[in-house]
Number of protein chains: 2
Amino acid sequence: MARKGRHSSIVDVAEAAGVSLQTVSNVFNFPERVRPLTRDHVLQVVKTLDYTPNLSARRLRSKKSSSLAVRVDSNSTPGFFRGFIQDDFVYELTEAAERRGIKVIAYTAESETQEVEKLKKLIKSKDTDGIILTTTKVNDPRLSFLEMNNVPFLSFGRPWGAEDLYSVTHPWVDIDGASGTAEATAMLWKKGCRNIGFAGWVSSHSADGVPQSVDEDRYLGWKNTSGKLSGKLTRRSDPGFNGLAVFGEQSVASGRQAARRLLDAVPDLDAVVCVSDTMALGCLLEFQRMGKQAISITGFDNSPIAKEFGFSSLDQNLPAVSRGALEILMGETGNEIRKVDFAAENTAAHILLKPMLVVR
Amino acid sequence: MARKGRHSSIVDVAEAAGVSLQTVSNVFNFPERVRPLTRDHVLQVVKTLDYTPNLSARRLRSKKSSSLAVRVDSNSTPGFFRGFIQDDFVYELTEAAERRGIKVIAYTAESETQEVEKLKKLIKSKDTDGIILTTTKVNDPRLSFLEMNNVPFLSFGRPWGAEDLYSVTHPWVDIDGASGTAEATAMLWKKGCRNIGFAGWVSSHSADGVPQSVDEDRYLGWKNTSGKLSGKLTRRSDPGFNGLAVFGEQSVASGRQAARRLLDAVPDLDAVVCVSDTMALGCLLEFQRMGKQAISITGFDNSPIAKEFGFSSLDQNLPAVSRGALEILMGETGNEIRKVDFAAENTAAHILLKPMLVVR
DNA sequence: CTGAAAGCGCTTACAG
DNA sequence: CTGAAAGCGCTTACAG
């Protein structure tokens with residue numbers, strides 16, 4: 001019975017149940033400390049009074065916000081790619097967080113400098129215990145800020161180009177793009193394709209065969225597998241790999257162009273592994289136009305585009321990514337977001353997940 | 001100087017500035033109550049100490065969360081439509097909310113019943129002052145729950161089919177679809193098109209010409225304008241309007257089919273107004289395939305698809321939608337989310353915005 | 001315009 | 001296993 005229209009408080013529950021305040025508190029926070037009989041009785045009263053703890057009070061006292069902040073972005077950025085992924089990532093992250101009793105706060109930022117200011121506010125105002133970053137780069141001001149201030153954080157995506165990709169000061173969760181395109185290539189080979197091309201974004205590749213970007217990672221998966229299967233492995237630095245790889249930018253038009261160039265170079269082309277669904281759509285449409293529907297195509301992201309146009313694609317498995325993110329931030333079973341000393345605790349600071357090939 | 005690594009509090013600021021606690025508090029909450037000289041001095045100290053108010057403490061005391069909750073959805077729902085809009089809506093809403101000092105909390109739900117439970121928790125735990133709903137329907141359990149509990153809320157989208165669309169108990173902000181397709185139709189006419197078709201979703205339309213759904217609203221905009229301009233206005237109940245309207249479902253394949261059917265019925269077709277970008281893409285691709293590139297097409301949403309494929313589309317103007325949402329919830333200049341008695345206060349409970357035609 | 005006190009609703013030591 | 005007290009960091013009356 002909440003008095004006078006206000007919500008019932010822990011005091012109301014304690015009184016109604018005939019126990020002290022912190023017995024009620026314990027029922028919620030340390031149920032094992034309370035005798036089962038008492039616990040059940042308290043829970044019954046909680047139900048009757050429809051009591052829900054006031055989270056501001058809890059946060060103030062416990063000094064834990066039990067919240068996570070994530071930046072949301074506008075979809076106005078060119079290419080389909082970002083939007084599809086972000087939408088689902090925020091959804092899956094929120095879902096996974098709720099399962100572990102964590103709230104997700106959205107924030108926006110127009111630049112990384114502005115983002116640092118926003119992060120500072122979020123943290124100093126005690127509104128969040130941790131941060132999920134989505135696109136980190138070398139010398140990212142957000143990273144140095146978070147590290148300096150000892151704020152738990154993690155990035156979705158490896159810090160490509162960093163000196164040490166596996167530094168314990170920069171935890172991350174990511175999708176293994178190379179393994180994905182390798183799987184796609186193998187699937188196509190198994191299906192009987194023998195001239196499997198690649199349509200990517202950036203043609204400049206590192207000489208040592210160590211990927212420096214998302215697209216290079218995906219390119220190498222195709223290159224190595226394709227080379228192995230066909231026995232046509234060339235020297236590592238060969239970007240084009242027998243002229244079967246072409247590069248452009250993240251657009252349908254670029255995908256169309258890639259399709260034409262590949263077909264020019266290799267008339268008996270029978271499949272193309274694409275770095276993204278957008279590129280894949282371009283290839284698909286161009287091959288359709290040319291009456292070359294028989295050429296198989298795979299994309300990346302398993303976006304609604306892939307589903308709609310019915311081509312195979314690599315699903316980033318965002319539910320698993322989100323679960324992994326929370327495992328890094330909270331441990332496998334913990335219920336609080338804390339700054340982990342990964343080196344000392346010997347727990348994973350980095351999770352690399354295989355994407356799932358969805359064959360259509 | 002925060003003591004021992006913890007963040008500085010209002011007490012630290014008061015001490016350092018040599019004023020009382022609530023002079024500091026006033027500087028933040030009622031600056032006009034503080035003498036300018038004192039105010040500047042306090043603000044200087046705030047800056048030096050890098051002080052940010054603890055929001056949990058503020059919320060607990062003030063009984064305002066200054067937060068808004070919005071459901072985020074998975075993009076796995078069929079069709080491109082939802083995803084594009086949601087992504088941008090959450091972004092624009094967060095941006096607009098931040099401008100007015102409001103946080104946005106994301107939550108998920110698998111069903112409306114489950115959503116009611118989540119809403120209950122959010123409200124009773126004092127985590128949110130208001131709710132933004134995104135797809136309401138007749139007899140929506142969320143609506144009755146929110147109304148009963150006197151929770152400030154608003155829906156993005158009109159409650160199609162409700163007894164009274166403009167009931168003050170159900171505030172909303174929406175896009176005027178009819179005005180959008182009317183504008184698109186007029187633009188095409190002006191351009192010289194004389195056989196302008198329509199590709200929609202649902203063919204069953206109300207007899208009285210009052211739209212009962214998003215798609216019917218958009219259909220009527222085309223129908224009325226097209227009829228007026230061509231002088232071929234038929235009876236209101238005629239769904240097909242001279243055979244120039246065809247209906248299908250939200251998919252590219254359905255758009256392709258619509259294109260074929262329209263062209264079959266009207267060989268000299270020169271334009272198609274589409275209910276969505278997805279349908280428009282289908283039309284575009286099919287016309288390309290048939291060598292009928294001259295036929296103009298307009299879509300709805302101005303999604304990345306429209307930009308990518310270069311067809312005209314109606315932008316939902318989500319920044320304006322978001323600003324409107326906050327005006328309804330907070331008033332034009334207010335700084336708190338409150339339950340408005342729209343009838344008594346004589347302020348708008350409903351905002352209908354014109355979409356913006358982006359011509360390509 | 002400024003100050004000293006009370007209190008929002010919890011959890012956290014600490015005592016029994 | 002349970003209880004009485006203290007206190008998290010603010011804002012809100014209220015007094016001057």
Side-chain angles (χ1 to χ4, degrees), chain A residues 2-42 45-46 49-66 101 123-127 129 335-336, chain B residues 2-42 45-46 49-66 101 123-127 129 335-336:
Chain A
R3 310 192 270 246
K4 312 185 205 162
R6 67 173 185 76
H7 293 160
S8 46
S9 79
I10 196 172
V11 177
D12 300 318
V13 176
E15 277 176 10
V19 296
S20 73
L21 282 188
Q22 76 280 41
T23 296
V24 180
S25 176
N26 283 338
V27 167
F28 284 98
N29 300 302
F30 306 95
E32 71 282 1
R33 289 189 195 164
V34 184
R35 208 190 326 158
L37 211 72
T38 318
R39 191 166 58 208
D40 291 346
H41 177 227
V42 169
V45 173
V46 163
L49 297 185
D50 205 10
Y51 166 70
T52 305
N54 180 316
L55 291 181
S56 294
R58 174 178 285 176
R59 290 187 184 115
L60 175 60
R61 189 56 178 93
S62 69
K63 296 180 177 301
K64 285 183 289 187
S65 73
S66 297
I123 290 151
K124 293 197 66 96
S125 69
K126 299 285 195 299
D127 242 15
D129 294 335
N335 52 16
E336 68 180 74
Chain B
R3 312 190 268 246
K4 312 184 205 164
R6 67 171 183 76
H7 293 159
S8 47
S9 77
I10 196 172
V11 178
D12 300 318
V13 176
E15 277 175 11
V19 296
S20 73
L21 282 188
Q22 76 282 36
T23 296
V24 181
S25 176
N26 283 338
V27 167
F28 284 98
N29 300 303
F30 306 96
E32 71 283 0
R33 289 189 194 165
V34 183
R35 210 190 324 159
L37 210 73
T38 317
R39 191 166 58 208
D40 290 346
H41 177 228
V42 170
V45 173
V46 164
L49 297 186
D50 206 9
Y51 166 70
T52 305
N54 180 316
L55 291 182
S56 294
R58 174 178 284 176
R59 290 187 184 116
L60 175 60
R61 190 57 179 92
S62 69
K63 296 178 176 301
K64 285 184 288 189
S65 72
S66 297
I123 290 152
K124 293 197 67 99
S125 69
K126 300 285 196 299
D127 242 15
D129 294 336
N335 52 15
E336 68 181 74

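Since the structure is predicted, the reported quantities are computational estimates derived from the model, not experimental observations. Numbered from 1 within each chain, the chains take letters A, B, ... in sequence-line order.
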Stepwise side-chain contact (heavy atoms from CB on, under 4.5 Å) test for B:I10 and B:S25 | CA-CA 8 Å; B:I10 196 172; B:S25 176; 4.0 Å; yes
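- With values rounded to the nearest 0.5 angstrom, B:E32 atom CD is found 8.0 Å from B:R39 atom CZ.
- Nearer to the 5' terminus of DNA chain C, by closest-nucleotide assignment, is the contact made by B:V19 (compared with the other of B:V19 and A:R58).
- Among all heavy-atom pairs drawn from B:S9 and B:Y51, the shortest one is C-CE1, 3.5 Å.
- How far CG of B:L21 is from CG of B:N26: 11.0 Å, rounded to the nearest 0.5 Å.
- Between the P atom of D:dC10 and the NZ atom of B:K64 lies a distance of 16 Å, rounded to the nearest Å.
- Sequence order on DNA chain D of the closest nucleotides to A:R35 and B:L55 puts A:R35 first from the 5' end.
- Of the candidates D:dC10, C:dG3, D:dT2, the closest approach to any side-chain atom of B:I10 belongs to D:dC10.
- The partner of C:dC14 is D:dG3, judged by Watson-Crick or G-U wobble contacts that both fall below 3.5 Å.
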Would you list the protein and nucleotides 14-16 of chain D atom pairs, both N or O, that sit under 3.5 Å from each other?
none

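- No engagement by A:S56 is indicated, since no non-hydrogen atom pair under 4.0 Å with the nucleic acid exists.
- Smallest separation of non-hydrogen atoms from A:V34 and A:T23: CG2-O, 4.1 Å.
- Contact between A:V13 and A:V45 at its shortest, heavy atoms only, is O-CG1, 3.9 Å.
- Taking each heavy atom of A:V19 and A:T38 in turn, the nearest pair found is CG1-CG2, 4.0 Å.
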Identify the pairs formed between an N or O of the protein and an N or O of nucleotides 6-8 of chain C at a distance under 3.5 Å, and give each distance.
residue	atom	partner	partner atom	Å
C:dG7	N2	B:R61	NE	2.5
C:dG7	N3	B:R61	NE	3.2
C:dC8	O3'	B:K63	NZ	3.0

Could you go step by step and tell me if B:H7 and B:T52 meet the side-chain contact (heavy atoms from CB on, under 4.5 Å) rule?
-> CA-CA 8 Å; B:H7 293 159; B:T52 305; over 6 Å; no
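- For the segment residues 25-33 of chain B, residues with any heavy atom less than 4.0 angstrom from an atom of DNA chain C are, sorted by number, B:E32, B:R33.
- Taking atom CG of residue A:N335 and atom P of nucleotide C:dT11, one finds them 13 Å apart after rounding to whole Å.
- Closest non-hydrogen pair, A:K124 versus B:D50, comes out as CE-O, 2.6 Å.
- A distance of 11.0 Å separates OG in A:S65 from CD in A:E336, rounded to the nearest 0.5 Å.
- Between A:D127 and B:R59 there is a salt bridge, with a side-chain nitrogen of the basic residue lying less than 4.0 Å from a carboxylate oxygen of the acidic one.
- Taking 4.0 angstrom as the limit, B:T38 places none of its side-chain polar atoms (N or O) nearer than this to OP1 or OP2 of C:dC1.
- One atom, CG of A:L49, and another, C1' of C:dG9, lie 15 Å apart when rounded to the nearest Å.
- Distances were taken from every side-chain heavy atom of A:S9 (C-beta onward) to each of D:dC10, C:dT2, C:dG9; the shortest belongs to C:dG9.
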